[in-house]
Amino acid sequence: MAKKNQKMVEEITAMDVDFAQWYTDICKKAELVSYTSVKGCMVIRPYGYAIWENIQREMDKRFKAVGVKNAYFPMLIPESYLKREAEHVEGFAPEVAVVTYAGGAELQEKLVIRPTSETIICEMYAKWLQSYRDLPILINQWANVVRWEKTTRPFLRSREFWW
């Protein structure tokens, strides 16, 4: 028992010294995630995915109780959409992944892999909403986003994460 208590004290002390590393170690030891060969990317293992499913199920129930409906918006967004919104470009420019070549040819317009969904959602809302009679529009999207983060943490900030 004394050895077990000593190990717990050492782990707590390690947390005080480097919380970020302690958190990452706990996620890996609990078999919630495994890192892949792509830096900053992870596989959500069954226990970790079960946690996500529980969060999603509970939130979905709450959303639907107030009339929110689920929808899905594309992962690929024309670069011009992102550039139209200066605050997105300023905040995300160094973090975005860009597709320039597909189907055996160079693309006429670069496509940004979704760093957020606001740009494509706003484009669609502009088409869908013609007057106040079209309101309210209550939509939720369960989606992954890709950001080329310099520092990553399981579930909190990785190259690809859910929201």
Side-chain angles (χ1 to χ4, degrees), residues 1-79 81-82 85 87-102 110-124 137-163:
M1 187 65 140
K3 280 188 175 186
K4 187 175 182 180
N5 288 342
Q6 178 62 32
K7 184 157 178 70
M8 284 173 57
V9 167
E10 288 171 7
E11 287 181 359
I12 290 170
T13 303
M15 178 180 67
D16 291 338
V17 173
D18 186 353
F19 178 79
Q21 187 59 53
W22 173 86
Y23 171 78
T24 300
D25 291 345
I26 291 297
C27 288
K28 290 186 337 191
K29 285 181 184 178
E31 298 183 351
L32 301 177
V33 299
S34 288
Y35 281 100
T36 69
S37 57
V38 177
K39 185 180 183 302
C41 291
M42 62 183 173
V43 171
I44 310 291
R45 296 183 66 175
Y47 290 138
Y49 199 83
I51 292 168
W52 168 247
E53 287 177 315
N54 286 331
I55 291 168
Q56 190 178 24
R57 186 173 23 259
E58 180 59 32
M59 294 304 298
D60 200 52
K61 183 171 65 173
R62 292 179 188 198
F63 291 156
K64 287 182 177 162
V66 295
V68 176
K69 295 183 176 157
N70 289 320
Y72 184 80
F73 294 86
M75 176 182 280
L76 298 172
I77 300 167
E79 186 181 46
Y81 284 26
L82 199 64
E85 300 184 30
E87 70 274 8
H88 279 91
V89 172
E90 184 179 321
F92 292 119
E95 297 177 356
V96 298
V98 180
V99 177
T100 59
Y101 191 85
K110 295 176 184 176
L111 299 174
V112 174
I113 298 176
R114 174 180 41 226
T116 66
S117 293
E118 288 90 343
T119 59
I120 193 72
I121 290 171
C122 291
E123 178 77 13
M124 293 297 104
I137 185 165
L138 303 172
I139 291 182
N140 171 58
Q141 175 184 219
W142 297 107
N144 59 340
V145 297
V146 175
R147 294 189 187 151
W148 223 254
E149 299 285 345
K150 291 182 182 7
T151 304
T152 61
R153 297 281 173 265
F155 303 108
L156 301 175
R157 201 51 110 178
S158 57
R159 295 272 160 86
E160 177 184 6
F161 60 95
W162 298 329
W163 65 353

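Sequential numbering from 1 along the given sequence is applied to the chain's residues. None of these values were measured; they are calculated from a predicted model.
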Under 4.5 Å between any side-chain heavy atoms of [X] and [Y], yes or no?
{"X": "Lys64", "Y": "Asn70", "result": "yes"}
{"X": "Arg147", "Y": "Val96", "result": "no"}
{"X": "Leu76", "Y": "Ile113", "result": "yes"}
{"X": "Lys69", "Y": "Leu138", "result": "no"}

- With Ile77 as reference, evaluate Arg114, Glu123, Lys110 under the side chain to side chain contact (heavy atoms under 4.5 Å, CB included) test and give the passing residue. Arg114

- Using modelled atom types only, decide if a donor and an acceptor are shared between the side chain of Tyr49 and the backbone of Val43 within a distance under 3.5 Å. no

- Query: Are any side-chain N or O atoms of Arg159 and backbone N or O atoms of Cys41, one a donor and one an acceptor, separated by less than 3.5 Å?
  - Reply: no

[X] versus [Y], closest heavy-atom pair with distance:
{"X": "Pro154", "Y": "Met42", "value": "CA-SD, 3.7 Å"}
{"X": "Val112", "Y": "Glu79", "value": "CG2-CA, 3.9 Å"}
{"X": "Gln141", "Y": "Phe73", "value": "OE1-N, 2.8 Å"}
{"X": "Gly48", "Y": "Leu32", "value": "N-CD2, 3.6 Å"}
{"X": "Ile120", "Y": "Pro74", "value": "CG1-CD, 3.9 Å"}
{"X": "Ile139", "Y": "Ala71", "value": "CG2-CB, 3.5 Å"}

- Query: When rounded to the nearest 0.5 angstrom, what is the spacing between CD1 in Ile51 and CD1 in Ile44?
  - Reply: 9.5 Å

- Straight-line distance of Thr24 OG1 to Tyr35 OH, nearest 0.5 Å: 4.5 Å

- Could you tell me whether the side chains of Asn54 and Glu58 share a donor-acceptor contact shorter than 3.5 Å? no

- Task: Apply side-chain contact (heavy atoms from CB on, under 4.5 Å) to the pair Glu160 and Val145, showing each step before the final yes or no.
- Result: CA-CA 5 Å; Glu160 177 184 6; Val145 297; over 6 Å; no

